[in-house]
Amino acid sequence: MLREPVELRVDDHGRVELPLGLLAEAGISPGTELVAFSNGDGRIVLRRAEDSIRDLIEKGHP
């Protein structure tokens, strides 16, 4: 089940709080290590580090 998009705001320290439900749907829990990168088109992608490492080993790219 995908949730409707939520509007978020970047605070004065550059932080964004993500709703727990959104994180849970993505399989991200407190303490999960993430890799972040920009697609260059206004998107920021967050991936579990373990998934990025697995893809790098199996496919040659994160």
Side-chain angles (χ1 to χ4, degrees):
M1 171 177 135
L2 294 176
R3 294 184 187 269
E4 291 294 317
V6 295
E7 191 170 317
L8 306 171
R9 187 174 307 272
V10 179
D11 72 13
D12 293 338
H13 299 284
R15 296 178 295 210
V16 176
E17 287 189 22
L18 300 175
L20 286 175
L22 183 66
L23 295 171
E25 286 179 15
I28 298 170
S29 57
T32 301
E33 292 186 18
L34 302 174
V35 174
F37 59 92
S38 170
N39 272 358
D41 62 354
R43 296 179 194 193
I44 295 173
V45 177
L46 299 175
R47 291 200 68 203
R48 291 179 299 221
E50 64 187 68
D51 295 337
S52 290
I53 291 168
R54 185 192 67 242
D55 286 352
L56 184 60
I57 292 168
E58 293 176 359
K59 302 174 186 174
H61 60 82

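- Shown here are the side chain to side chain donor-acceptor pair (under 3.5 Å) partners of Ser29, two or more places apart in sequence or in another chain: Thr32.
- When the salt bridge (charged side-chain N to carboxylate O under 4.0 Å, His left out) test is applied to Arg15, the partners found at least two apart in sequence or on another chain are Asp11.
- Taking Asn39 as the reference, nothing meets the side chain to side chain donor-acceptor pair (under 3.5 Å) condition, with sequence neighbours excluded.
- Rounding to the nearest 0.5 Å gives a distance of 13.0 Å between CD of Glu17 and CZ of Arg9.
- Considering CD1 of Ile28 and CG of Leu34, their distance stands at 5.0 Å, rounded to 0.5 Å.
- Other residues, nucleotides and ligands contribute over 12 non-hydrogen atoms within 6.0 Å of the CG atom of Asp41.
- A distance of 12.0 Å separates CD1 of Ile53 from CZ of Arg48, quoted to the nearest 0.5 Å.
- Surrounding CG of Leu20 are at most 12 heavy atoms belonging to other residues, nucleotides or ligands under 6.0 Å away.
- Taking the side chain to side chain contact (heavy atoms under 4.5 Å, CB included) definition, one finds that Ala49 meets it with Glu33, Val35, sequence neighbours left out.
- With sequence neighbours left out, the side chain to side chain contact (heavy atoms under 4.5 Å, CB included) criterion links Leu8 to Val6, Val16, Leu18, Pro19.
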